[in-house]
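Written below as structure tokens is the structure these notes are about.
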There are 2 protein chains.
Amino acid sequence: MSKNLINWLENVLLQGIIITLKAMTSFTEENYLKIIYMLTELNGGNEVSTNELAEHTQTKAASVSDMLRKLAEKNLINYRKYQGVTLTKEGQYIALGVIRKHRLWEVFLVEKLGFGWDEIHDIAEQLEHIDSKELTEKLDKFLGNPQFDPHGDPIPDAKGKMPSMTSCKLSEVPIDQTVVMVGVLVHSPAFLQHLDKNQITLGSTIKIQEISEFDKSYIVLLNNSQSVFISNEVAKNLLVK
Amino acid sequence: MSKNLINWLENVLLQGIIITLKAMTSFTEENYLKIIYMLTELNGGNEVSTNELAEHTQTKAASVSDMLRKLAEKNLINYRKYQGVTLTKEGQYIALGVIRKHRLWEVFLVEKLGFGWDEIHDIAEQLEHIDSKELTEKLDKFLGNPQFDPHGDPIPDAKGKMPSMTSCKLSEVPIDQTVVMVGVLVHSPAFLQHLDKNQITLGSTIKIQEISEFDKSYIVLLNNSQSVFISNEVAKNLLVK
DNA sequence: ATTAATTTTTAGGTTTGTCTAAAAATTTGA
DNA sequence: TCAAATTTTTAGACAAACCTAAAAATTAAT
Ligand SMILES: [Mn+2]
Ligand SMILES: [Mn+2]
Ligand SMILES: [Mn+2]
Ligand SMILES: [Mn+2]
């Protein structure tokens with residue numbers, strides 16, 4: 001509270017007039033906003049609950065409540081006690097900025113440094129909080145303005161606009177149809193390594209040859225060359241187009 | 001204290017035996033260690049005082065005292081009350097790791113992203129704390145294992161060994177001798193931009209043509225082509241070989 | 001060699017982000 | 001519908017990293 005006042009006074013004194021009221025979000029606040037964004041998406045636009053947030057932030061519900069009060073005070077979320085939260089325009093903008101940085105860095109780690117797509121998430125979790133507009137834009141350019149990250153996730157542009165991607169789960173595709181692998185719904189190293197082992201990568205063509213009645217497992221033709229076995233669990237987490 | 005205990009117990013429980021006692025230095029601790037390293041260098045190996053540290057950490061002496069007690073407890077510094085501090089081997093190793101990352105990222109920002117050498121320090125101050133051994137080593141390789149950063153500062157290797165560099169200030173070079181610009185002693189954007197304006201860059205050859213009796217200012221021949229004026233203040237902050 | 005000035009440490013507080021335990025609100029379901 | 005189960009919030013604490021003010025130690029000057 002007094003820290004805010006000091007910031008405010010500094011603005012007044014340094015600029016004569018208050019020009020902008022920069023949000024100044026901390027590392028922690030950024031993480032909350034990013035997670036709220038992602039869980040809202042996942043919920044199809046519905047409010048995110050305190051408990052959901054506690055799980056994903058690796059904290060307790062009480063801690064989340066504290067943070068929500070604070071984010072609401074900064075007008076970054078819409079918060080009615082006991083009713084869950086959604087992001088305000090401002091909160092969404094910050095969240096998308098963090099997601100943009102996360103995904104751009106992931107592209108860098110894979111395309112430039114040669115990391116595997118299963119090794120990059122934790123590093124990107126750190127890099128996404130580096131605060132420099134110029135850095136983000138120069139990195140974007142250096143990478144050739146990529147639209148999607150190594151997992152096929154869309155990268156928002158500098159204004160927060162997501163490139164559109166029409167895709168569906170492999171498990172929803174009819175038999176005999178040929179599709180292209182464009183993304184994953186799970187990012188765990190175990191899942192990604194499993195795909196590696198089966199040589200399923202972004203861009204692979206997949207044609208469903210057979211679906212087992214018994215366990216809904218698949219036999220698919222990969223890249224028009226080899227037949228591979230895919231469990232239903234995998235098929236439900238592969239995005240294709 | 002109880003946090004340390006918990007970490008210790010986790011080690012015991014997860015590993016059966018305590019294998020390593022990882023230091024787990026925070027962002028803030030890393031900054032203290034880095035600054036202690038640099039000020040010790042500057043002091044020719046002598047102890048660094050509390051007040052010196054307060055200046056460079058942008059905090060107050062009281063805060064520094066607190067932190068020194070803490071760092072001493074972790075065996076990262078040699079600290080006798082009222083007598084200043086030096087780094088222990090362990091502290092030095094961490095400091096050199098942070099400096100390594102800082103300088104590698106600076107190379108990246110200039111060589112790959114096209115930043116000017118006057119624009120990179122603040123961004124590198126953030127990037128230097130990204131915690132991933134693999135990232136640092138892959139970045140190093142990607143950059144071609146550079147020995148020096150964009151300011152001519154030596155980059156320690158993964159073991160903390162600095163490449164040796166024999167250089168001296170331009171102000172100590174005798175008249176008529178031709179030398180090569182290899183570094184700067186001041187990193188302020190103002191100074192670096194001043195050098196840019198005079199087209200003095202790393203690798204420029206400099207031959208001292210004249211030194212003014214009155215103000216010790218220089219007229220030097222730059223790259224065997226143009227004569228430029230250099231103040232004594234500048235000459236004292238240019239490293240040449 | 002004392003006293004005065006300076007430096008450093010300690011004492012006591014604040015803020016941020018976390019925690020546990022307990023209270024309050026909401027949801028479930030008999 | 002109303003009691004039980006669940007979720008969420010509040011209350012009260014704690015650790016990290018900072019602060020100001022005051023005490024203690026060191027250094028400098030008469
Ligand atoms: Mn990721
Ligand atoms: Mn990703
Ligand atoms: Mn720097
Ligand atoms: Mn540098």
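Side chains included, hydrogens not; waters and symmetry mates left out as well; all remaining heavy atoms used. Numbers restart at 1 for each chain; the letters A, B, ... are given by sequence-line order, proteins then strands.
- In this structure, the nucleotide among D:dA24, D:dC18, C:dT18 sitting nearest to the side chain of B:Met67 is D:dC18.
- Between A:Lys81 and D:dT10 there is a side-chain N or O to OP1 or OP2 distance below 4.0 Å.
- Checking D:dT9, C:dT26, D:dC19 against every side-chain atom of A:Gln83, the shortest atom distance belongs to C:dT26.
- Neither OP1 nor OP2 of D:dT6 sits under 4.0 Å from any side-chain N or O of A:Asn51.
- Put simply, the side chain of A:His151 never gets that close to the backbone of A:Gly183: no donor and acceptor are under 3.5 Å apart.
- Within a 6.0 Å sphere centred on NE2 of A:His187, heavy atoms belonging to other residues, nucleotides or ligands number more than 12.
- In this structure, the nucleotide among C:dT26, D:dT8, C:dT8 sitting nearest to the side chain of A:Thr50 is D:dT8.
- The two residues B:Val48 and B:Ile36 have their closest heavy-atom pair at CG2-O, 3.8 Å.
- When side chains are defined from C-beta on, A:Lys216 does not count as touching A:Ser231, because their heavy atoms never get closer than 4.5 Å.
- Between A:Arg69 atom CZ and C:dT16 atom P the separation is 10 Å, expressed in whole Å.
- Contact check, B:Tyr32 against D:dC18: a side-chain N or O comes under 4.0 Å of OP1 or OP2.
- Rounded to an integer number of Å, the gap from A:Leu71 CG to D:dT9 C1' is 16 Å.
- Non-hydrogen atoms lying under 4.0 Å from DNA chain C are contributed by B:Ala61, B:Ala62, all within residues 52-63 of chain B.
- One interatomic measurement links the two molecules: CD of B:Glu47 to C1' of D:dT26, which rounds to 15 Å at whole-angstrom precision.
- Rounded to an integer number of Å, the gap from B:Leu68 CG to C:dT9 C1' is 10 Å.
- Here A:Tyr79 lies in heavy-atom contact (under 4.0 Å) with sugar-phosphate atoms only.
- If you take CD of A:Glu29 and C1' of C:dT18, they are 14 Å apart, rounded to a whole angstrom.
- In this structure, B:Lys34 pairs ionically with B:Glu128, as a charged nitrogen and a carboxylate oxygen lie closer than 4.0 Å.
- Classification of the B:Phe108-B:Phe142 ring pair by plane angle, with boundaries at 30° and 60°, yields tilted.
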- Query: For B:Glu55 and B:Lys60, what are the C-alpha separation, side-chain angles and deciding distance, and is it a salt bridge (Lys or Arg N to Asp or Glu O under 4.0 Å)?
  - Reply: CA-CA 8 Å; B:Glu55 271 176 50; B:Lys60 297 297 155 72; over 6 Å; no
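- Distances from the side chain of A:Asp66 to the nucleotides C:dA24, C:dT8, C:dC19 place C:dC19 closest.
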